[in-house]
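This report refers to the structure that appears directly beneath it.
Remember, predicted model here, so these are calculated numbers, not experimental data.
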Number of protein chains: 2
Amino acid sequence: MARPRKPLLSRDRIVEAASALVDAEGLEGVSTRRLAAELGVSGPSLYNHFRTKDEILEAVADAVSAKVDLSMFDADDGREWRQALHDWALSYRAALTEHPHIVPVLARGPGRRPAGLRVADAVFGAMVRAGWPPAQATYIGALMRYFVTGSALGSFARGFVDDATAYDPADYPHLGQAHLLADHQERVDEGAFETGLRALLDGLGVQYEAVRRRPRGPAEARTTVRPAPKPG
Amino acid sequence: MARPRKPLLSRDRIVEAASALVDAEGLEGVSTRRLAAELGVSGPSLYNHFRTKDEILEAVADAVSAKVDLSMFDADDGREWRQALHDWALSYRAALTEHPHIVPVLARGPGRRPAGLRVADAVFGAMVRAGWPPAQATYIGALMRYFVTGSALGSFARGFVDDATAYDPADYPHLGQAHLLADHQERVDEGAFETGLRALLDGLGVQYEAVRRRPRGPAEARTTVRPAPKPG
DNA sequence: ACCTGAACACCGTTCAAGT
DNA sequence: ACCTGAACACCGTTCAAGT
């Protein structure tokens with residue numbers, strides 16, 4: 001069989017199989033030959049649909065971004081911007097922790113991925129509507145992204161070993177109980193995420209009040225970052 | 001030449017060469033053969049000093065962690081915890097942006113890397129000394145890490161293309177100026193980082209006041225996360 | 001103990017050949 | 001247009017052989 005009358009492959013089928021493989025085996029488990037085998041074709045066939053393996057992984061990452069709920073940013077649902085950011089962050093993090101192995105790819109940046117851009121667009125638009133200056137709205141999209149991807153990528157607790165002898169008090173005077181962290185991994189990561197998210201939103205609240213109070217004095221315009229590259 | 005009287009290699013030499021290679025070519029530029037060639041030996045020689053290539057990369061990441069300034073956490077330098085966290089975050093970020101290609105490895109978590117653990121230890125110790133409950137001190141170390149590594153990993157602006165036609169208003173109604181971001185990349189990332197850091201510290205300040213006010217009521221103990229796995 | 005070359009079991013990608 | 005097998009230039013790692 002050289003060419004079937006009905007194509008055996010499609011971008012969607014490839015992305016679906018690649019996602020399953022990434023979830024099951026991690027990024028290292030994905031080779032073009034392995035993926036092709038999973039799809040019942042030979043390795044080079046994939047190159048009729050994607051230019052590189054990396055493009056396939058980008059598509060997998062984008063499929064995860066597409067699962068992030070953005071409905072809280074809808075114009076007139078009566079939600080406050082802080083509440084919307086909060087809910088979005090939870091949905092964002094949930095999407096990532098459901099597919100942890102692809103996070104390194106996704107964390108590289110929103111890039112050209114359509115779903116990633118849709119996220120950036122929604123956040124930026126909602127913040128501007130809420131009264132944030134465009135420059136700040138851009139920053140908020142970026143910094144929230146930093147925090148959420150950072151938390152999904154580097155489970156803090158996962159790094160600690162479940163071995164009391166691993167942390168010599170002479171080297172790490174305050175890590176006496178560190179070996180216990182291995183057990184409490186998830187709880188610590190979630191606590192840190194919640195604490196950080198609350199801090200972020202409270203802190204943005206402070207800045208929001210300041211911005212609202214002096215909405216755009218010319219003196220400020222001179223000392224501030226500059227007109228404001230949009231967005232997002 | 002089979003075995004020289006003086007070893008040709010050492011862990012330090014290997015890490016040094018690997019760091020240079022990572023900086024110059026990125027992670028993909030590092031192969032064991034390439035690295036060995038740079039050191040004037042054959043590929044398998046490396047395995048006398050490291051068990052795997054990944055162990056070499058971990059060591060490179062740890063060398064970067066070792067450059068993070070921790071002196072602001074020294075017991076009696078009169079600094080306030082917020083100021084210390086702020087200065088540390090800047091130093092942390094600076095270390096990472098100087099070696100951007102290794103960040104994905106470093107962001108995986110502090111793991112067993114000695115310098116990474118030293119960082120965790122210093123932050124945890126300083127926060128506890130400042131009056132934070134151990135559980136919260138643990139969270140602070142983790143959430144600061146999320147934010148800093150996330151910002152170093154995923155340059156938000158870098159993701160946007162310098163092409164006005166790339167962002168169809170029908171798809172992304174608020175991304176009209178997105179193509180300008182490519183130009184302002186660094187400024188946006190720095191603005192987002194500063195804005196986020198300030199928000200984080202302000203927000204933690206709010207939580208600090210709350211914790212200080214009610215230092216450990218039994219009612220709180222029941223509703224709060226739980227005793228507190230240390231640290232760090 | 002520490003280096004070597006040869007070898008194993010893989011890679012991503014290109015390309016001419018098939019229909 | 002879409003798949004194939006063969007091939008190219010790589011990989012990380014193991015291992016027996018050398019000193």
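With a 6.0 Å cutoff to the six-membered ring centre and a 45° limit on the axis angle, Arg11(B) counts as a cation-pi contact of Phe50(B).
dA9(D) and dA9(C) have their P atoms separated by 22 Å, given to the nearest Å.
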ring-ring contact (aromatic ring centres under 6.0 Å, His included) evaluation trace for Phe147(B) with Phe193(B): CA-CA 8 Å; Phe147(B) 181 67; Phe193(B) 181 78; 5.3 Å; yes

Under 3.5 Å, which protein N or O atoms sit close to an N or O of nucleotides 10-16 of chain C? Give each pair with its distance.
{"from": "dC11(C)", "atom 1": "OP1", "to": "Ser31(A)", "atom 2": "OG", "distance (Å)": "3.1"}
{"from": "dC11(C)", "atom 1": "N4", "to": "Arg33(A)", "atom 2": "NH2", "distance (Å)": "3.3"}
{"from": "dG12(C)", "atom 1": "OP1", "to": "Thr32(A)", "atom 2": "N", "distance (Å)": "3.4"}
{"from": "dG12(C)", "atom 1": "OP1", "to": "Lys53(A)", "atom 2": "NZ", "distance (Å)": "2.9"}
{"from": "dG12(C)", "atom 1": "OP2", "to": "Thr32(A)", "atom 2": "N", "distance (Å)": "2.7"}
{"from": "dG12(C)", "atom 1": "OP2", "to": "Thr32(A)", "atom 2": "OG1", "distance (Å)": "2.7"}
{"from": "dG12(C)", "atom 1": "N7", "to": "Arg33(A)", "atom 2": "NH2", "distance (Å)": "2.7"}
{"from": "dG12(C)", "atom 1": "O6", "to": "Arg33(A)", "atom 2": "NH2", "distance (Å)": "2.4"}
{"from": "dT13(C)", "atom 1": "OP2", "to": "Tyr47(A)", "atom 2": "OH", "distance (Å)": "2.5"}
{"from": "dT13(C)", "atom 1": "OP2", "to": "Lys53(A)", "atom 2": "N", "distance (Å)": "2.8"}
{"from": "dT13(C)", "atom 1": "O5'", "to": "Tyr47(A)", "atom 2": "OH", "distance (Å)": "3.2"}

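For dC3(C), neither phosphate oxygen OP1 nor OP2 lies less than 4.0 angstrom from any side-chain nitrogen or oxygen of Ser42(B). Contact annotation: His49(A) reaches the phosphate of dC3(D) (side-chain N/O to OP1 or OP2, under 4.0 Å).
At distances below 3.5 Å, at least one donor-acceptor pair connects side-chain atoms of Arg13(A) with backbone N or O atoms of Leu8(A). Side chain of Lys53(B) to backbone of Val30(B): a donor-acceptor contact under 3.5 angstrom is found. A donor-acceptor pair is defined here as one N or O able to donate and one able to accept, closer than 3.5 Å; no such pair exists between the side chain of His174(B) and the backbone of Phe124(A). Ser19(A) contributes a side-chain N or O that, together with a main-chain N or O of Val15(A), makes up a donor-acceptor pair within less than 3.5 Å.
When all heavy atoms of Val128(B) and Ala137(B) are compared, the pair lying nearest together is CG2-CB, 3.8 Å.
No hydrogens or angles considered: a donor-acceptor pair under 3.5 Å links the side chains of Ser71(A) and Asp69(A). A donor-acceptor pair shorter than 3.5 Å can be found between the side chains of Tyr146(A) and Asp189(B).
Taking atom CG of Asn48(A) as the reference point, atom P of dT19(C) lies 17 Å away to the nearest angstrom. Between Leu8(B) atom CG and dC3(C) atom C1' there is a gap of 7 Å when expressed in whole angstrom units.
Between Val119(A) and Trp88(A) the shortest side-chain heavy-atom distance falls below 4.5 Å. Contact annotation: the side chain of Ser151(B) approaches that of Arg93(B) to within less than 4.5 Å [non-hydrogen atoms, C-beta and beyond].
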Secondary structure string for DNA chain D (Watson-Crick or G-U under 3.5 angstrom, | for other-strand pairs): ||.|||||...|||||.||

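For the contact set between residues 10-25 of chain B and DNA chain C, defined by any heavy atom under 4.0 Å, there are no members.
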